[in-house]
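Note that the structure is a prediction, hence the values are computed from the model and not measured. All chains are named by letter (A, B, ...) in the order of the sequence lines, taking the proteins before the strands, and each is independently numbered beginning at 1.
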2 protein chains.
Amino acid sequence: MAIMGVYHLGMTPPKHPPPRHLRERPSFLLSQLGFHSDQRFGALLAPLGVTARQFGILRLLAHTAGRSQQQLAEELGIHRNVMVGVIDDLEQRGLVERRRYPTDRRAHAIHLTDAARDLLPRVEGALDACDDELLAALDPADRTTLLTLLQRLADGAGLVPGIHPGYDAIGSEEP
Amino acid sequence: MAIMGVYHLGMTPPKHPPPRHLRERPSFLLSQLGFHSDQRFGALLAPLGVTARQFGILRLLAHTAGRSQQQLAEELGIHRNVMVGVIDDLEQRGLVERRRYPTDRRAHAIHLTDAARDLLPRVEGALDACDDELLAALDPADRTTLLTLLQRLADGAGLVPGIHPGYDAIGSEEP
DNA sequence: TATTGTTATACTCTATAACTATA
DNA sequence: TATAGTTATAGAGTATAACAATA
């Protein structure tokens, strides 16, 4: 082989190391599993008639009602223009009401309906099912280990707890 | 409080358990981290002028050249119609060539160019950087533990090693 | 008749800007 | 003037169907 004659005396051959299989790469595995998790959660949520994004809003309203659309948008990292449509859908499904905002006549105070309050525990149940399904291969001790490691990764990456980075922060706006 | 008078004698109150914070939910953490991983890898790849999807194709061609577009599409779970545009882009960037397929005049044999062969190790380097960045908070032992747990999850979920579920399998086609 | 590559069309998402009514 | 909500437009991405060349 040519390499024997040309590269010697401790020279590092220019051959690159063989590429690691993607199965050995945490970032690829996380991407794969994250996407799969989204798909499964979406499928478990579909029969309940809500999307993951809508769930995020309902969840936030559950313990702090009366927020304005703008406040919700800022907290969840969704653009205010998009929030209009999301609230429209939730309102049509009877899960949310637009009421008067006490101190600002431009804003709407978004409130959960009783139907939404009935629905939320069932959505949490779907999330339980999603977790159980995903972790089926792990015993309790391994589940705890995994959870801790994932939390450390999320903290290290600067991810805000409970906020999905899938929606960009507010854009540049107005030239 | 009404609950004291109405629910007693060991009746389980209808109050649902308080919802677990999303930070405690593996499926949410995986979704968060998977999305973040995609973003970071995309950002590290941008200066090299390729997307993650293009990288997947180049990677596959690196050790099995001469595949047809259809074969590539099937192996990666991308629709054949989409593959046309992806190969178009790769060809325009001079990373791939469409040659004659030896045994079928309908098909194209896709081959890497030398430019692509020069590029690939640099993309693998970007993946290394992505992994290192993501795992910065973990020592080597914890990294190994995490990798093993993620692999077990991926296996349990039936994910195909190296194939990202982000692209649906081939649709129904022709009525 | 079935398959490979290709193109065209519709539909969904998202990003951006601009409008209105209030502040 | 700035802000909350809304609407409109354009752009990416995807899904589906249909077509020409070849099998």
Side-chain angles (χ1 to χ4, degrees), chain A residues 31 35 38-39 42 46 50-54 56-57 61 66-92 96-111 164-175, chain B residues 35 38-39 42-43 45-46 50-57 61 66-92 96-111 164-175:
Chain A
S31 177
F35 194 92
D38 285 346
Q39 280 190 144
V50 288
T51 66
R53 185 191 250 172
Q54 291 172 341
I57 295 176
L61 286 170
R67 280 170 153 70
S68 73
Q69 297 181 193
Q70 176 72 3
Q71 286 169 326
L72 288 171
E74 274 171 21
E75 289 189 61
L76 291 171
I78 298 173
H79 195 283
R80 122 183 104 95
N81 302 6
V82 176
M83 184 61 71
V84 176
V86 184
I87 299 294
D88 282 350
D89 289 344
L90 287 172
E91 199 176 31
Q92 278 182 347
V96 133
E97 281 177 7
R98 281 189 240 239
R99 301 193 195 151
R100 311 198 53 154
Y101 198 91
T103 59
D104 189 336
R105 298 186 51 175
R106 295 171 300 179
H108 295 152
I110 311 299
H111 287 265
H164 198 287
Y167 306 114
D168 293 311
I170 301 103
S172 53
E173 185 110 7
E174 267 80 42
Chain B
F35 194 92
D38 285 346
Q39 281 189 144
L45 230 48
V50 289
T51 66
R53 184 191 252 171
Q54 292 172 339
F55 167 59
I57 295 175
L61 287 170
R67 281 171 153 69
S68 72
Q69 296 181 194
Q70 176 72 2
Q71 287 170 326
L72 288 171
E74 273 171 21
E75 290 189 60
L76 292 171
I78 298 172
H79 196 282
R80 130 182 97 96
N81 302 6
V82 176
M83 185 60 70
V84 176
V86 183
I87 299 293
D88 281 350
D89 289 344
L90 287 172
E91 200 176 31
Q92 278 182 349
V96 135
E97 281 177 7
R98 280 189 241 239
R99 301 192 195 152
R100 313 198 52 153
Y101 198 90
T103 61
D104 188 337
R105 298 186 51 175
R106 294 171 300 180
H108 295 151
I110 311 298
H111 287 266
H164 198 285
Y167 306 113
D168 293 313
I170 301 104
S172 53
E173 185 110 7
E174 267 80 42

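Using a 4.5 Å heavy-atom cutoff, the side chains of Gln69(B) and Arg98(B) are in contact.
For Met83(A) and dG5(D), the CE to C1' distance is 12 Å, given to the nearest whole Å. The CD atom of Gln71(A) sits 11 Å away from the C1' atom of dA4(D) (whole-angstrom rounding). Atoms CZ (Arg106(B)) and C1' (dA20(D)) sit 12 Å apart, rounded to a whole Å. Rounded to an integer number of Å, the gap from Phe35(A) CZ to dT14(D) C1' is 12 Å. Distance Glu75(B) CD to dT4(C) P: 13 Å, rounded to the nearest Å. Residue Tyr101(A) contributes atom OH, which lies 15 Å from atom P of dT3(D) at whole-angstrom precision. Rounded to an integer number of Å, the gap from His108(B) NE2 to dT22(D) P is 10 Å. Here dT6(C) presents its P atom at 15 Å from CD1 of Ile78(B), a figure rounded to the nearest Å.
Arg106(A) meets the salt bridge (Lys or Arg N to Asp or Glu O under 4.0 Å) test with Asp104(A); sequence neighbours excluded.
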Report each atom pair, protein N/O against N/O of nucleotides 7-13 of chain C, whose distance is under 3.5 angstrom.
{"unit_1": "dT7(C)", "atom_1": "O4", "unit_2": "Asn81(B)", "atom_2": "ND2", "d": "3.3"}

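Across every non-hydrogen atom of His79(B) and Ala73(B), the tightest pair is C-CB, 4.3 Å.
Side-chain N/O atoms of Gln70(B) include one lying less than 4.0 angstrom from OP1 or OP2 on dT4(C). OP1 or OP2 of dT6(C) has at least one side-chain nitrogen or oxygen of Gln69(B) nearer than 4.0 Å. Under 4.0 angstrom from either OP1 or OP2 of dG5(D) there lies no side-chain N or O belonging to Arg100(A).
Rounded to the nearest 0.5 Å, atoms CD1 (Ile87(B)) and CD1 (Ile110(B)) are 4.5 Å apart. To the nearest 0.5 Å, the span separating OH on Tyr101(A) from CD on Gln71(A) amounts to 4.0 Å.
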Should Ile57(B) and Met83(B) be marked as a side-chain contact (heavy atoms from CB on, under 4.5 Å) after you check the CA-CA gap, both sets of side-chain angles, and the distance that decides it?
CA-CA 10 Å; Ile57(B) 295 175; Met83(B) 185 60 70; 3.6 Å; yes
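Judged by distance alone, with hydrogens and angles left aside, Arg105(A) brings no side-chain donor or acceptor close enough to the base of dT22(C) to form a pair under 3.5 Å. Between the side chain of Arg80(A) and the base of dG5(D) there is at least one donor-acceptor pair of N/O atoms closer than 3.5 Å.
Applying side chain to side chain contact (heavy atoms under 4.5 Å, CB included) to Val86(B) and the options Asp89(B), Val82(B), Val84(B) leaves one that passes, Val82(B).
Along DNA chain C, the nucleotide closest to Thr103(A) and the one closest to Arg98(B) are compared, and the more 5′ of them pairs with Arg98(B).
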